[in-house]
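Below is one structure; the comments refer to it alone.
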Amino acid sequence: MALRFRPVDGTFYELFTDSARGLVRGADLLAEVLADGADRATVAERMRVAEHECDEITHDIVRRVNSTFVTPFDREDIYSLASGLDDVMDYMEEAVDLVNLYEVERLPKQLAQQVEVLQRCAELTAEAMPRLQAMKDLDEYWIEVNRLENTGDKTYRRILAKLFSGKYDALEVLKLKDVVDSLEKAIDAFEKVANIVEQIHVKET
Amino acid sequence: MALRFRPVDGTFYELFTDSARGLVRGADLLAEVLADGADRATVAERMRVAEHECDEITHDIVRRVNSTFVTPFDREDIYSLASGLDDVMDYMEEAVDLVNLYEVERLPKQLAQQVEVLQRCAELTAEAMPRLQAMKDLDEYWIEVNRLENTGDKTYRRILAKLFSGKYDALEVLKLKDVVDSLEKAIDAFEKVANIVEQIHVKET
Amino acid sequence: MALRFRPVDGTFYELFTDSARGLVRGADLLAEVLADGADRATVAERMRVAEHECDEITHDIVRRVNSTFVTPFDREDIYSLASGLDDVMDYMEEAVDLVNLYEVERLPKQLAQQVEVLQRCAELTAEAMPRLQAMKDLDEYWIEVNRLENTGDKTYRRILAKLFSGKYDALEVLKLKDVVDSLEKAIDAFEKVANIVEQIHVKET
C-alpha cells in the first residue's frame with residue numbers, strides 16, 4: 001500500500017493572519033468610537049462590516065478544515081484557534097455597538113487604557129500568526145499577551161470599583177458595566193487565543 | 001480478520017427530532033407565560049417538566065453515543081448537536097422562570113416578536129431533524145434560521161435602547177434585561193444548532 | 001511490528017486530586033470572606049494565591065496530556081475534567097473578589113447556604129478524584145452533587161426574588177447579583193465536573 005503525500009496547505013496560516021489583522025482593525029475602530037466628537041453611528045456601521053468580514057474568514061477556515069485531507073496541525077486546534085479569533089471580534093463589536101446604542105455620556109477615562117491593551121494584543125496576535133508555520137519565536141507573544149491580560153484585569157477591577165463608588169446612578173452603571181464587560185471579555189479572549197497557540201506549540205514541537 | 005457490520009442506529013435521528021419537538025413545546029409555553037392573565041406559576045411549572053424531559057433525551061443521546069460502535073456521524077458532532085438543542089431549552093426555561101419569579105409588570109411589546117422568532121426557529125428545527133438521515137434539503141433550514149437570528153438581533157437592540165431610554169426605573173431595567181437576554185441567548189442557541197447541522201452536512205456529503 | 005507498552009501514568013489521578021483539594025480550600029476561603037468582621041482584602045489575597053496554584057495544576061495536566069503517549073482515559077476527557085475543576089475555582093475566586101471589591105454591606109443570609117453547598121461539593125469532589133483510578137464507587141458522588149445543585153438552584157431563586165422585592169436599592173442589587181451569580185456559576189460548574197466524571201465512567205467501564 002502506497003501512502004499518498006500532499007503538501008500541507010499554506011493558506012491556513014494566511015487565513016489566520018487575515019483574521020488577526022481584522023482584530024487590529026477592530027481595536028482601532030474601538031479607539032475611534034471612544035474619541036471625543038466621534039460619529040458613533042458611522043463607526044458602529046464600519047465595525048459591523050469589519051466583524052462580518054472576520055466571520056467570513058472564520059467560515060472559510062472551518063470549510064477548509066472539513067474538506068482538507070492533510071491539515072498543518074490538529075483539526076480541533078485549527079477550529080479552536082479560528083473560533084478564538086472570532087470571539088475577540090465579537091466582543092469588540094459588542095462594545096462598539098453598546099457605546100453607540102446606549103448613548104453613553106460620561107465614559108470613565110480608564111476605558112482608554114483597556115482599548116490600548118486590546119490594540120497591543122491585536123498587533124501581537126497579527127504578528128504571531130505567520131510564525132505558526134515555522135512554529136518558532138512564539139513564546140514571547142503568548143507571554144506578553146498574558147502580561148497584558150493581567151494589566152487589563154487590574155484596570156477592569158479599578159473601573160468596577162469606580163462605577164460602584166456612588167458617582168454614577170444605577171442606570172448609568174448598568175450601561176457602563178455592559179461596555180466595560182465587553183472590553184474585559186475581548187481581552188480574556190485574546191489570552192485564550194494565546195493559550196491555544198501555546199498548546200499547539202507544545203503538541204507540534 | 002472479519003469486519004463486522006452493524007446497521008447505523010436510526011434512533012439518533014428520532015431522539016434529535018424528539019428533542020427539537022420539545023423546543024416547539026417550550027417556545028409555545030414561552031408565548032403562554034407572556035400572554036395577559038396567564039397563570040405564570042403554573043406555566044413555569046409545566047415548562048420545568050418540559051425542560052426535564054428534554055434533559056432526559058439529551059442524556060439518552062449521550063449514553064448511546066458512548067455505548068454505540070457505529071454512529072451515523074462523528075461522535076463529537078452528535079454530542080454538539082444534542083448539547084446545542086439542550087442549550088436552547090435551558091435558555092427558554094430561564095426566560096419563563098424569570099418572568100414568573102421577578103413578577104415583571106410591564107413587558108415591552110417587542111418581547112412577543114422575539115417569542116415568535118423562537119417559535120418559528122423551533123418549528124424549522126423540528127422539521128429539519130428527520131432530514132438529517134438523508135442529509136438532504138437542509139440548506140433552506142439553516143439559511144432561514146440565520147435570517148431569523150438577524151431579525152431577532154435587530155429587535156433585541158431596539159428593546160435594549162427602549163429599556164435605557166428613561167421610561168423604566170433601574171430595578172425594572174435589571175429585571176427586564178435578564179428576561180430579554182435569556183430570549184436573545186435562546187435565539188443565538190438556535191443559530192448555533194443550525195451552524196452545527198451545516199457543519200455536519202459539509203463533512204458527510 | 002512490536003507494540004510498545006508503557007504503564008499508564010498514575011500522576012493524572014494525583015493531579016486531579018490536588019486540583020479538587022484546591023477547591024476545598026477555595027470554598028473555605030469563601031466562607032471566611034463572608035464571616036462578620038473578616039479582613040476581606042487579606043482573604044481575597046489568599047484566594048488569589050489559591051487560584052493561582054490551581055491554575056498551575058491545570059497547566060501541568062494539559063502539558064502532560066500533550067506529551068504523554070498513553071493516557072489513563074481519553075485525552076479530551078482529561079482536558080474537560082481539568083478545565084471543569086479550574087472553572088469552579090475561577091468562579092469562587094470571582095465571588096471572593098467581588099465581595100471585597102464592591103464593599104458589599106448587607107449580604108442576604110441565604111448566601112451562607114450557597115457557600116455550604118459549595119463546601120460540600122468540594123469535599124465530595126476531592127474524595128471522588130482518587131476513586132477515578134479504580135473507576136469504582138463514583139455514582140454516589142455524582143448523584144449527591146446533582147442533588148446539591150438542585151438545592152442550590154432553589155436557594156438561588158429565593159435570593160433573586162428577595163433582591164428584587166424592593167428591600168434593596170438598584171445599585172445594591174447590581175452588586176449583590178454579581179456575587180450571587182458567581183456562587184451560582186460555581187455550583188453549576190461542580191455539577192458539570194460530576195457530569196464529566198459520569199461520562200468518563202460510562203465510556204471506560
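Within every chain, numbering begins at 1; the chains are lettered A, B, ... in the order of the sequence lines, protein sequences first and strands thereafter.
Within the structure, ring-ring contact (aromatic ring centres under 6.0 Å, His included) contacts touching residues 174-205 of chain B (residues at least two apart or in different chains) are B:Trp142-B:His201.
Residue-level contacts of residues 29-53 of chain A with chain B, in order of numbering, are A:Arg48; threshold 4.5 Å between heavy atoms. For residues 83-106 of chain A, a heavy-atom distance under 4.5 Å to chain B picks out A:Asp97, A:Leu98, A:Leu101, A:Tyr102, given by residue number. Below 4.5 Å, heavy atoms of chain B meet heavy atoms from A:Leu174, A:Lys175, A:Asp178, all part of residues 173-182 of chain A.
For B:Glu76, no part lies under 4.5 angstrom from a heavy atom of chain A.
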Worked check of side-chain contact (heavy atoms from CB on, under 4.5 Å) between B:Phe164 and A:Glu172: CA-CA 9 Å; B:Phe164 287 102; A:Glu172 205 61 23; over 6 Å; no

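With rounding to the nearest 0.5 angstrom, the CZ atom of A:Arg63 is 11.0 Å from the CD atom of B:Gln199.
Heavy atoms of other residues, nucleotides or ligands lying less than 6.0 angstrom from CZ of A:Arg131 number more than 12. With a 6.0 Å radius and a threshold of 12 heavy atoms from other residues, nucleotides or ligands, B:Lys203 has its NZ atom above the threshold. No more than 12 heavy atoms of other residues, nucleotides or ligands sit less than 6.0 Å from atom OH of B:Tyr79.
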